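Here's the structure we're looking at; comments come further down.
Remember, predicted model here, so these are calculated numbers, not experimental data.
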Amino acid sequence: MSVTATKTVRELAVDEPGAARVFEGLGIDYCCGGKQTLEQACNAAGVRIGKVMDALEAANSSAHAPSTQINWQTVPLSDVIAHIKKTHHEYTRQEIVRISPLFEKVCSVHGKNHPELLQLQAVFEDLAQELSTHLMKEEMVLFPYIERMEESVLQREPILPPPFGTVQNPVAMMEHEHDSAGNALRTLRTASNDYTAPADACVSFQTLYKALAELEADLHQHIHLENNILFPRAIAMEKGN
């Protein structure tokens, strides 16, 4: 696939090796904003499109592009789900448990001189609660249905109708919640000055910002796998395509 300004960010992130890493480094939304064209995404991020296209071309031709990269468009959906749960859901839960008390510690020491920390803490706690419920709904409702649907297709059996009518209904709900999470992540990054710790930041303060930045990057990849790969494939399978 050639890189053009009219391709969607989703298409590029799915099909171009290294594209997600380039987008992450340049602050381009490729998960929740995956339906935008590259030109639209660059305008939204305030990045010159020529710079992005050059970076994409370099990433795709680089000898360092992983030759064993998994093609998530072709592996079984059950494998995609297993990867999401093991790699991203577990990590998100672990980081929520780790970051929450770290916020308490940093706010108690630095909150007076850095009131932005209190805003960050409130946004994070709301995000943590939303994510905890979100992951549970995926694991208890949506993912099991997709796995059963795929098993029926592989065994050439009829797909049992789900209680929610069509897989598109829970998918739409999950995507809406992904958008909400994306908004929270943008608020966290803006209020923290791109996770730049101030001059008087202690080690815990610096660790907090580093943890938030790493959680953001993982959530971007997590949401990308669901919005741009798992969900469209599940919808197509249900339709028989």
Side-chain angles (χ1 to χ4, degrees), residues 1-77 79-81 83-84 87-88 138 142 146 150 166-186 189-190 194 213 215-241:
M1 173 183 280
S2 60
V3 178
T4 65
T6 57
K7 290 191 180 298
T8 66
V9 178
R10 172 191 179 277
E11 289 174 322
L12 293 168
V14 168
D15 296 327
E16 296 287 350
R21 184 181 295 273
V22 169
F23 293 150
E24 193 72 45
L26 295 174
I28 291 175
D29 182 2
Y30 63 96
C31 50
C32 299
K35 295 179 182 179
Q36 299 181 96
T37 66
L38 179 59
E39 184 175 22
Q40 291 170 333
C42 288
N43 290 337
V47 183
R48 287 191 303 105
I49 191 168
K51 177 181 179 180
V52 177
M53 293 181 73
D54 288 346
L56 288 171
E57 294 289 359
N60 292 342
S61 62
S62 172
H64 298 292
S67 57
T68 58
Q69 186 176 20
I70 297 173
N71 184 350
W72 295 113
Q73 292 283 50
T74 59
V75 302
L77 294 183
D79 288 357
V80 180
I81 289 172
H83 172 77
I84 289 171
T87 303
H88 299 295
E138 287 187 332
L142 180 56
I146 293 175
E150 182 176 54
T166 169
V167 73
Q168 295 180 61
N169 291 327
V171 161
M173 179 181 293
M174 295 303 99
E175 289 182 335
H176 175 74
E177 293 178 3
H178 287 167
D179 288 343
S180 178
N183 290 334
L185 291 175
R186 283 186 285 275
R189 176 166 285 279
T190 300
D194 290 332
L215 177 64
E216 176 195 62
D218 185 80
L219 282 170
H220 284 166
Q221 182 63 23
H222 174 180
I223 294 171
H224 159 64
L225 281 173
E226 293 185 354
N227 278 15
N228 298 334
I229 296 176
L230 177 63
F231 295 167
R233 288 187 60 193
I235 291 171
M237 179 174 287
E238 186 182 59
K239 291 180 177 179
N241 296 328

*Quick one: do His83 and Ile70 satisfy side-chain contact (heavy atoms from CB on, under 4.5 Å)? Show the steps, please.*
CA-CA 11 Å; His83 172 77; Ile70 297 173; 5.8 Å; no
_Where Leu142 and Pro170 come nearest, the two heavy atoms and their spacing_ = CD1-CG, 3.9 Å
*Run the numbers on Val22 and Leu12 for side-chain contact (heavy atoms from CB on, under 4.5 Å), then give the verdict.*
CA-CA 11 Å; Val22 169; Leu12 293 168; over 6 Å; no
*Output all residues satisfying side chain to side chain contact (heavy atoms under 4.5 Å, CB included) with Ala172, sequence neighbours left out; order by chain, then residue number.*
none
_Exercise: identify the closest heavy-atom pair between Ala20 and Gln221_ = CB-OE1, 3.9 Å
*List the atom of Ala13, the atom of Ala19, and the distance in Å for their closest heavy-atom pair.*
CA-CB, 4.0 Å
*For Arg186, look at atom CZ and say whether over 12 heavy atoms of other residues, nucleotides or ligands are found less than 6.0 Å away.*
yes
_Among residues at least two apart in sequence or on other chains, which ones pass side chain to side chain contact (heavy atoms under 4.5 Å, CB included) with Gln40?_
Gln36, Thr37
*Contact summary for Ala45 and Gly27, nearest pair of heavy atoms*: CB-O, 3.6 Å
_Counting only heavy atoms from other residues, nucleotides and ligands, does the tally under 6.0 Å from CE of Met173 exceed 12?_
no
Give every donor-acceptor pair under 3.5 Å between a side-chain atom in residues 223-234 and any protein atom, sequence neighbours left out.
unit_1: His224; atom_1: ND1; unit_2: Asn228; atom_2: ND2; d: 2.9
unit_1: Glu226; atom_1: OE1; unit_2: His178; atom_2: NE2; d: 2.9
unit_1: Glu226; atom_1: OE2; unit_2: His222; atom_2: NE2; d: 3.1
unit_1: Asn227; atom_1: OD1; unit_2: His178; atom_2: ND1; d: 2.6
unit_1: Asn228; atom_1: ND2; unit_2: Tyr30; atom_2: O; d: 2.9
unit_1: Arg233; atom_1: NH1; unit_2: Trp72; atom_2: O; d: 2.7
unit_1: Arg233; atom_1: NH1; unit_2: Val75; atom_2: O; d: 2.8
unit_1: Arg233; atom_1: NH2; unit_2: Val75; atom_2: O; d: 2.9

*Please tell me if the side chains of Asp29 and Val9 come closer than 4.5 Å, counting only heavy atoms from C-beta onward.*
no
*Taking only residues two or more places apart in sequence, or in another chain, which ones meet Arg189 in a side chain to side chain contact (heavy atoms under 4.5 Å, CB included)?*
Asp194, Tyr195, Glu216
_Test side-chain hydrogen bond (donor to acceptor under 3.5 Å, both in side chains) applied to Asp79 - qualifying residues, sequence neighbours left out_ = none
*Check side chain to side chain contact (heavy atoms under 4.5 Å, CB included) between Thr166 and all other residues, then give those that pass, not counting sequence neighbours.*
Gln168, Asn169, Glu238
*asked:* With a 4.5 Å cut-off on side-chain heavy atoms, are Leu26 and Lys51 touching?
replied: yes
